[in-house]
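All values below come from the heavy atoms of this structure, side chains included, with hydrogens, waters and symmetry mates left out.
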Amino acid sequence: SKLGDIHSKMGNLELALKYFEDSAQLEKELHETYPQDVSYKNGLAISYSKLGSIHSTMGNLEVALKYFEDYAQLEKELHETYPQDVAYKYGLAISYSQLGDIHSTMGNLEVALKYFEDYAQLSKELHETYPQHVSYKNGLAISYSQLGSIHSTMGNLEVARSFIKESINIWEELAKDYPSHVEFKSNLDWAREKMDELEAK
């Protein structure tokens with residue numbers, strides 16, 4: 001899995017895919033051999049997420065969609081079985097974000113919107129429960145930006161502006177509180193550009 005990550009970052013996608021496939025096969029064997037060990041089930045879920053991402057990058061959207069659906073199904077089962085374990089709730093949220101992205105790319109806007117709404121709902125719950133957790137706060141901003149983007153694509157400009165404004169507010173706070181964190185500043189810049197684009201329409 002780590003080798004797949006590094007090759008993916010280096011742009012060696014075919015090699016990354018091979019390592020992710022090997023990782024998924026091993027995780028599947030572990031899960032099938034020890035079905036009661038949730039760490040193996042979660043490991044299999046994460047391996048499906050990585051396979052979905054690499055196939056999406058390579059343009060294999062139908063294959064990517066199947067892996068993202070498998071990822072979401074496993075995370076849903078884990079979250080329902082262990083509702084107090086925040087990691088599984090967060091994993092489920094991320095799976096909805098990925099499903100929203102892939103459906104948006106494939107042009108299934110109504111389906112994408114539903115997944116982005118589910119992602120935003122879980123992100124809001126996580127942030128409200130753990131307001132000091134930076135990743136959850138950033139996740140909420142990302143969910144609002146995704147909702148803003150999809151509504152913009154669908155022509156719902158007023159709704160799009162309101163969500164982008166929400167994401168700007170959060171990223172302004174994060175960029176101020178964590179000035180060395182480059183992602184927050186770049187996300188904020190993107191959201192401001194998106195707002196300028198929406199206000200020009």
(request) Kindly indicate, with the supporting measurements, whether the criterion salt bridge (Lys or Arg N to Asp or Glu O under 4.0 Å) is fulfilled by K18 and E21. (result) CA-CA 5 Å; K18 177 67 170 64; E21 287 173 339; over 6 Å; no
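- Of the inter-residue distances, the one linking I94 atom CD1 with L122 atom CG reads 10.0 Å to the nearest 0.5 angstrom.
- Between K114 and D118, at least one side-chain N (NZ, or NE/NH1/NH2) sits under 4.0 Å from a carboxylate O, which counts as a salt bridge.
- A heavy-atom distance below 4.5 Å is found between the side chains of S56 and L61.
- Annotation: side chain of Y19 is not in contact with side chain of D5 (no heavy-atom distance under 4.5 Å).
- By the 4.0 Å N-to-carboxylate-O rule, E172 lies close enough to R192 to be salt-bridged with it.
- A side-chain donor from one of Q73 and E77 sits under 3.5 Å from a side-chain acceptor of the other.
- Between H133 and Y136, the gap from one ring centroid to the other is short of 6.0 Å.
- Taking each heavy atom of A64 and G52 in turn, the nearest pair found is CB-O, 3.3 Å.
- Under 3.5 Å, the side chains of S23 and K50 contain no donor-acceptor pair of N or O atoms.
- Residue E75 holds its CD atom at 9.5 Å from CD of Q98, rounded to the nearest 0.5 Å.
- Looking only at side-chain heavy atoms (C-beta outward), W190 and S149 come within less than 4.5 Å of each other.
- For CD of E199, the number of neighbouring non-hydrogen atoms (other residues, nucleotides, ligands) closer than 6.0 Å is greater than 12.
- For Y48 and F68, the ring centers are positioned 6.0 Å apart or more.
- Remark: K28 NZ to T33 OG1 distance equals 11.5 Å, nearest 0.5 Å.
- Under the 4.5 Å side-chain criterion, counting only non-hydrogen atoms from C-beta, E128 is in contact with K124.
- Side-chain contact check for I164 versus Y144: every heavy-atom pair is 4.5 Å or farther apart.
- In this structure, K41 does not pair ionically with D37, as no charged nitrogen and carboxylate oxygen lie closer than 4.0 Å.
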(message) For a salt bridge (Lys or Arg N to Asp or Glu O under 4.0 Å) check, start with the C-alpha distance between K89 and E125, then their side-chain angles and the critical distance, and finish with the verdict.
(response) CA-CA 10 Å; K89 185 172 187 175; E125 291 172 10; 2.7 Å; yes
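- Remark: T57 OG1 to L13 CG distance equals 6.5 Å, nearest 0.5 Å.
- The closest side-chain heavy-atom distance from L78 to D85 is not below 4.5 Å.
- Considering only heavy atoms from C-beta on, S39 stays 4.5 Å or farther from N42 through its side chain.
- The number of heavy atoms from other shown groups lying within 6.0 Å of NZ (K201) is above 12.
- Inter-residue side-chain proximity for H151 and L113 is flagged as met; some heavy-atom pair is nearer than 4.5 Å.
- Checked by atom type, the side-chain pair W171/D189 shows no donor-acceptor distance below 3.5 Å.
- A distance of 6.0 Å separates CG in L44 from NE2 in H31, rounded to the nearest 0.5 Å.
- With values rounded to the nearest 0.5 angstrom, Y40 atom OH is found 11.5 Å from L26 atom CG.
- Y34 and V38 fall into different hydrophobic clusters, where Ile, Leu, Val, Met, Phe, Trp and Tyr residues are linked whenever their side-chain heavy atoms come under 4.5 Å apart, directly or through other members.
- By the criterion of side-chain heavy atoms lying less than 4.5 angstrom apart, applied directly or through intervening Ile, Leu, Val, Met, Phe, Trp or Tyr residues, Y71 is grouped together with M106 in one hydrophobic cluster.
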